[in-house]
Undergrad: 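I'd like to ask you about the structure that follows.
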Amino acid sequence: MTPQVTVSGRRSGRLSVAGLIAMRPGSRTRLCHRLRTHPSGKGKRRSMGERDVIALIDGVHQLVKAPIVLVWDRLNTHVSHAMREPIAEREWLSVFLLPAYSPDLNPVEGVWAHAKRSLANLAVVALDRLEALVRNRLKRLQ
């Protein structure tokens, strides 16, 4: 018999994760990430925006203390008009785009696949518990 888990059916929101792999010659490779919770409700953003992504990049720049060459997929947030200005303002940042539909060229996709598999078949009762669990799994991957 298949086990069944009873849940309340209430949506408490959504959890978004953005990440990048920082590589620097002579240093260890790092997985840098940022999590953001989005409360449920009509008209509320359900994903990370340009400010969230720029905050992640700025944090990585402070961590590595060096210019950054960013190789990006073509996620709408990455290629939006709103993202162009913040990129242009950062002289230490160079951005190159991957070809369309090329997840096999993006090493972060493998990280997300592994993290999702480790969280499969999980019933979490609260968004803050899911956030703690995801943080823990990503720290282990680091």
Side-chain angles (χ1 to χ4, degrees), residues 3-142:
Q4 294 182 347
V5 178
T6 304
V7 294
S8 68
R10 292 184 330 198
R11 293 187 172 255
S12 58
R14 181 180 278 223
L15 179 67
S16 295
V17 184
L20 57 87
I21 296 175
M23 296 182 286
R24 186 175 180 181
S27 298
R28 69 182 180 95
T29 301
R30 297 172 184 236
L31 171 64
C32 303
H33 61 276
R34 182 170 290 259
L35 276 71
R36 179 147 190 254
T37 57
H38 309 279
S40 61
K42 286 193 174 206
K44 297 195 178 191
R45 187 170 183 101
R46 296 175 40 156
S47 63
M48 288 209 179
E50 289 81 0
R51 277 193 234 150
D52 299 308
V53 175
I54 285 295
L56 171 62
I57 295 167
D58 287 342
V60 171
H61 181 247
Q62 295 220 340
L63 178 72
V64 299
K65 297 176 177 49
I68 293 177
V69 176
L70 188 60
V71 181
W72 245 345
D73 60 13
R74 294 176 182 264
L75 181 70
N76 60 354
T77 305
H78 298 165
V79 297
S80 71
H81 290 287
M83 186 58 85
R84 290 182 188 159
E85 187 178 327
I87 289 172
E89 291 171 351
R90 288 156 176 80
E91 58 196 41
W92 45 263
L93 179 61
S94 300
V95 176
F96 296 91
L97 294 174
L98 288 169
Y101 308 108
S102 56
D104 50 319
L105 298 177
N106 186 349
V108 176
E109 291 296 335
V111 172
W112 297 148
H114 180 77
K116 287 177 185 178
R117 271 193 311 274
S118 76
L119 297 168
N121 297 321
L122 198 67
V124 179
V125 290
L127 193 56
D128 59 339
R129 288 201 183 156
L130 177 62
E131 182 179 1
L133 191 59
V134 170
R135 280 187 196 283
N136 183 290
R137 299 285 164 91
L138 291 174
K139 282 186 188 213
R140 273 199 250 156
L141 282 173
Q142 284 177 324

Undergrad: What distance separates N76 CG from S47 OG, expressed to the nearest 0.5 Å?
TA: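 These two atoms lie 7.0 Å from each other.
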Undergrad: Apply side chain to side chain contact (heavy atoms under 4.5 Å, CB included) to residues W92 and I57 and explain how you reach the verdict.
TA: CA-CA 11 Å; W92 45 263; I57 295 167; 3.8 Å; yes
Undergrad: Ignoring hydrogens and angles, tell me if any N or O in the side chain of D52 forms a donor-acceptor pair with the backbone of G49 under 3.5 Å.
TA: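 Indeed, once roles are kept as given, a pair shorter than 3.5 Å links the two residues.
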Undergrad: How long is the straight-line distance from NZ of K65 back to CZ of R24, given to the nearest 0.5 Å?
TA: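 It is 9.5 Å, given to the nearest 0.5 Å.
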Undergrad: Any side-chain heavy-atom pair from L35 and L138 closer than 4.5 angstrom?
TA: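 Contact flag for L35/L138 side chains = yes.
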Undergrad: Between atom CG of L119 and atom CG of L15, what is the distance when rounded to the nearest 0.5 Å?
TA: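 Output value for this atom pair is 9.5 Å.
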Undergrad: Using side-chain heavy atoms (C-beta onward) and a distance below 4.5 Å, is I54 in contact with R90?
TA: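 Yes, side chains in contact.
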Undergrad: Considering residues, nucleotides and ligands other than R129, do more than 12 of their heavy atoms fall under 6.0 Å from its CZ?
TA: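 No.
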Undergrad: To the nearest 0.5 angstrom, please state how far the NE2 atom of H114 sits from the CZ atom of R137.
TA: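 Result: 8.5 Å between the selected atoms.
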Undergrad: Search all heavy atoms of M48 against all heavy atoms of A18 and return the closest pair with its distance.
TA: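 Taking M48 first and A18 second, the nearest heavy atoms are SD-CB, 3.5 Å.
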Undergrad: Between A22 and V60, which heavy-atom pair has the shortest distance, and what is it?
TA: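 Heavy atoms of A22 and V60 come nearest at CB-CG1, 4.4 Å.
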Undergrad: State whether the number of non-hydrogen atoms from other residues, nucleotides or ligands found under 6.0 Å of R74 atom CZ is greater than 12.
TA: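 Above 12, so yes.
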Undergrad: Can you confirm whether V53 sits close enough to R34 that some side-chain heavy atom of one is under 4.5 Å from a side-chain heavy atom of the other?
TA: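 No. Closest side-chain heavy atoms not under 4.5 Å.
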Undergrad: Using every non-hydrogen atom in the two residues, find where A126 and D128 come nearest and quote the distance to one decimal.
TA: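 Looking at all heavy atoms of both residues, the closest pair is CB-OD1, 3.1 Å.
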Undergrad: Do H78 and V95 come close enough that some side-chain heavy atom pair is under 4.5 Å?
TA: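 When only atoms from C-beta onward are counted, V95 and H78 do not touch, as no gap falls below 4.5 Å.
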Undergrad: Take atom CD in E91; do more than 12 heavy atoms of anything else shown fall under 6.0 Å from it?
TA: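 No - once you tally the heavy atoms of other residues, nucleotides and ligands closer than 6.0 Å, there are 12 at most.
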Undergrad: Passes side chain to side chain donor-acceptor pair (under 3.5 Å), E50 versus S80? Steps please.
TA: CA-CA 8 Å; E50 289 81 0; S80 71; 2.7 Å; yes
Undergrad: Is any side-chain heavy atom of W112 less than 4.5 Å from a side-chain heavy atom of V17?
TA: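 Side chain of W112 against side chain of V17, heavy atoms only: contact under 4.5 Å found.
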Undergrad: Would you give the length of the straight line joining atom CG of L56 to atom CG of L20, rounded to the nearest 0.5 angstrom?
TA: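 Between atom CG of L56 and atom CG of L20 there are 4.5 Å.
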Undergrad: Distance from L75 atom CG to L98 atom CG, nearest 0.5 Å?
TA: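 Separation between the atoms: 12.0 Å.
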Undergrad: Measure across A66 and H61 and return the closest heavy-atom pair with its distance rounded to 0.1 Å.
TA: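 Scanning both residues completely, I find the closest heavy atoms to be O-CD2, 3.0 Å.
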Undergrad: Work out which heavy atom in L141 is nearest to a heavy atom in A115; give both atom names and the distance.
TA: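 For L141 and A115, the tightest heavy-atom pair comes out as CD1-CB, 4.4 Å.
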Undergrad: Is there side-chain contact between D73 and E109, with heavy atoms separated by less than 4.5 Å?
TA: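 D73 reaches E109 side chain to side chain.
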